[in-house]
Amino acid sequence: MKKKSNIKVGIAIPNSIIDRLLPEYGEASINYNKAITIIEAMVSKHMRTYSPMLQYLPYASDLKRKIIGGNAYYRLWNDLIKMEILQTKTLSNGHEYSYAGGVCKHLRINPALLSGDVKLVSYILPQHALDSDNGELICQQVKTCLDRVEVHANNVEINIEAIKYATSYVQKKFVIKGSRIKYQNKGKAYGENTQGFSPQAYLQYEKLLVAECFKLSLNKIVSKRFYVNRCDTNNRINHNLTNSPKAIFNLLLLEGEDLVEIDLSCSQPLLLAHLLKSLLFKYNNTISIFNDTHLREISEGIFPPLLFSSENDYSDIDVFISVTMAGKLYEYFSYKLYGRCDDVTRDEAKQEFISAIYSGIAHSGSDNAFTKVFPELASLLLQWKKEMIERFKQYFDGGSYPELKRYTYSKNKGKKDARSAGCDYLPVRMTEFESEVFIDEILTRLYGKNLIVLSKHDSILCKSSEKGEVLKVVKAQLNRLLGKGGYHLKSDLLKRREDPRPLPKNLTKNGYALKQIHRSKTVAIYVQKIENGKTVGYEVFKIKTLKAGFDKYLNIEVPFRETYPRTSDWGSSAWTSTSKEDAFSRFLELEIFQRKLDVNEGEDCLQKWIIKDLLKNMSHDFGSKNQEQVPDHQKVIDKPESLGHVA
């Protein structure tokens, strides 16, 4: 096999870092290139984990050796700390190392050296960053499909998209308040005192860096420098596209066609819901991934005290299972937290949920949002973590539960102690389940049919022309593994799309003055008023769109836009309600329960209970309970019988 030549790439390095490196190492020296490699690796890890550069990230000893290519230059890490280019975090126990075995340091680049004053430096990309795979056949098949990916954009378009993404990223992550800079990472809020560095200069560098990483990801695809590996910890397949921002897919083609992503909604919470359903309700589960004797043994001492503890007809564990299988967990969580759901609140709710459910013992208190919405589920998971911590202690002390050995180490964290391993156990198991579903079951069968596809953790990427065939295989496998109605799929065309011109907030239709009072991405509510301003009803409808084109009746070009329902839509995707509360009931039914839930007996009652619960949380939208009712002779149509009890 012909050996690939070294490839030089560019990275934006602050001049202040270069000024500290050059007196120590000459620009042509190996040490200089290795030091730049360390800086690049740290920058890339922050970007790969969506972490701001202010965040300290863990670096195990073997990971640090891998970055520099062996032991010979390992001392460079300590040299960079002595030169105050890198900073190490002192932990709460007073040590710089974390986890059992003391092999993991938490490091970051000195923020005082991060500014917009940068230089584009060329360095040789390490071979492990180009061609790493573990020799598995499926990794070779993934690499073959990656080779069919191409960048369909010129440099100007790439620069525009990179700047747009970087600007959005920084605006979303950071807020400057006085002498502190606040930022978000994985749903948690952090703060940093800005003494010693300019926050404006730092944000300028962060923006530039995000843009450069965006472009570097595309450059690796153009130069056919792919990496594919299967993680030993959770069995995921990682490659060039698995952690890329969605904006990058706007610029990619697969065999000359647009990419389509087929995504399993709420993937890991969904697998947790199926696991809980199997364990709690003791269904005859034929799903091989959940036939885990160890998990069932753990559950026996945890579930019974919690199973019937709720005073409600249905516990929040039932609600969690229901809304997750309907693919609307984050929407439900958003409504419970904020009383509404839009793109911003949904993302915030998702981060809040993931942060809470996979956090350690110290972050499982009663004051977090997750515990307030799902108190019984939170209690169950807390007990689960405590039980696993005890089992890992027994493993470390006397070798009990040898099956836990593989969960005591990870490449990012190094060796774990009992507390860390116990808290990480459930998230790792959910990721293993996800990998078994998407890689061992779905991806393997897709490659068996010679389809050109790629996995992206809980989704499949395919060509737009093969969407139907791929979707058929995915559904067949999910039906077999999770059962019909036990999941919800989404499919998106990953290309640049113009946002439709939104519906006006005020309309005049059929003699009524209509005013928009609430909407989500897909559903809107308008209040109907007559000439004297009196309310006569509420219109609730699914928002549809019309393509851009020439309107022959108006004799003008019209843009891509949202449209008011047609007459034929009433009764199928549009309804008139006689009270505000009924309108919001219908809104929630359309937004959250767009298909019948297949969970357990009593599902209709459960659906009503959830909607009623959500309506309480949206009471600020209803106004007075004594609001004026529409006279009987003016009532129009269709109060939904299934929701008639909600009042």
Side-chain angles (χ1 to χ4, degrees), residues 138 142 231 234-239 241-244 246 249 259-278 285-290 320-334 346-347 349-351 353-354 357-358 426-447 449 451 453-464 466-494 521-522 592-599:
I138 198 163
V142 169
C231 179
N234 53 34
N235 294 327
R236 276 182 166 178
I237 287 181
N238 299 307
H239 54 75
L241 301 182
T242 48
N243 288 304
S244 298
K246 210 159 189 175
F249 293 93
L259 280 162
V260 171
E261 182 180 36
I262 299 170
D263 177 51
L264 182 63
S265 299
C266 316
S267 170
Q268 291 193 31
L270 175 67
L271 294 172
L272 176 60
H274 275 281
L275 177 62
L276 292 174
K277 179 181 175 182
S278 172
N285 201 314
T286 59
I287 303 174
S288 61
I289 60 174
F290 298 131
F320 168 75
I321 292 172
S322 302
V323 295
T324 304
M325 289 185 179
K328 296 295 182 179
L329 171 64
Y330 302 130
E331 287 81 354
Y332 173 80
F333 203 57
S334 176
R346 185 190 182 280
D347 288 345
K350 180 179 180 179
Q351 292 297 332
F353 181 88
I354 292 174
I357 200 170
Y358 293 146
L426 185 59
V428 172
R429 294 296 280 129
M430 291 303 105
T431 309
E432 285 180 332
F433 291 156
E434 178 190 88
S435 299
E436 186 168 342
V437 170
F438 274 90
I439 298 172
D440 299 325
E441 297 289 345
I442 294 175
L443 191 63
T444 300
R445 280 165 173 75
L446 289 170
Y447 285 150
K449 291 181 175 291
L451 294 167
V453 296
L454 293 163
S455 65
K456 190 174 181 286
H457 299 328
D458 62 350
S459 62
I460 297 293
L461 304 174
C462 66
K463 300 187 293 185
S464 56
E466 293 180 346
K467 174 185 171 181
E469 191 174 356
V470 172
L471 199 55
K472 184 178 179 180
V473 174
V474 173
K475 284 184 175 180
Q477 295 308 312
L478 291 178
N479 287 343
R480 182 175 64 85
L481 293 170
L482 305 179
K484 290 185 178 181
Y487 62 91
H488 182 68
L489 282 176
K490 297 181 295 184
S491 60
D492 292 320
L493 186 65
L494 300 178
K521 192 172 183 179
T522 57
I592 298 182
F593 299 98
Q594 296 183 31
R595 62 186 182 85
K596 189 175 182 181
L597 302 180
D598 182 17
V599 181

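Just so you know, these numbers use all the heavy atoms, side chains as well, and skip hydrogens, waters and symmetry mates.
- Tested against Asp458, the residues Leu271, Val437, Leu270, Asp263 include a single side-chain contact (heavy atoms from CB on, under 4.5 Å) partner, Asp263.
- Of the charged side-chain nitrogens involved, none lies within less than 4.0 Å of a carboxylate oxygen, so that Glu469 and Lys472 do not count as a salt-bridged pair.
- The side-chain contact (heavy atoms from CB on, under 4.5 Å) test with Ile442 singles out one residue from Val470, Leu481, Leu478, and that residue is Leu478.
- At a threshold of 4.0 Å, the pair Glu434-Arg236 counts as salt-bridged, since one of the basic side-chain nitrogens sits closer than that to a carboxylate oxygen.
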Checking salt bridge (Lys or Arg N to Asp or Glu O under 4.0 Å) for the pair Lys490/Glu261: CA distance, chi angles, key distance, verdict? CA-CA 8 Å; Lys490 297 181 295 184; Glu261 182 180 36; over 6 Å; no
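- Within the 3.5 Å criterion, the main-chain N or O of Val453 finds a donor-acceptor partner in the side chain of Tyr447.
- Put simply, the side chain of His488 never gets that close to the backbone of Cys266: no donor and acceptor are under 3.5 Å apart.
- Take Asp347 and apply the side chain to side chain contact (heavy atoms under 4.5 Å, CB included) test, not counting sequence neighbours, and it matches Lys172.
- Partners of Phe438 according to the ring pair (Phe, Tyr, Trp, His ring centres under 6.0 Å) rule, which considers only residues two or more places apart in sequence or in another chain, do not exist here.
- Proximity of a side-chain donor or acceptor of Thr324 to a complementary backbone N or O of Leu329 within less than 3.5 Å is not detected.
- Aromatic ring pairs are classed by plane angle as parallel below 30°, tilted from 30° to 60° and perpendicular above 60°; the pair Phe333 and Phe353 is perpendicular.
- For Leu471, the side chain to side chain contact (heavy atoms under 4.5 Å, CB included) partners at least two apart in sequence or on another chain are Ile262, Lys475, Leu489.
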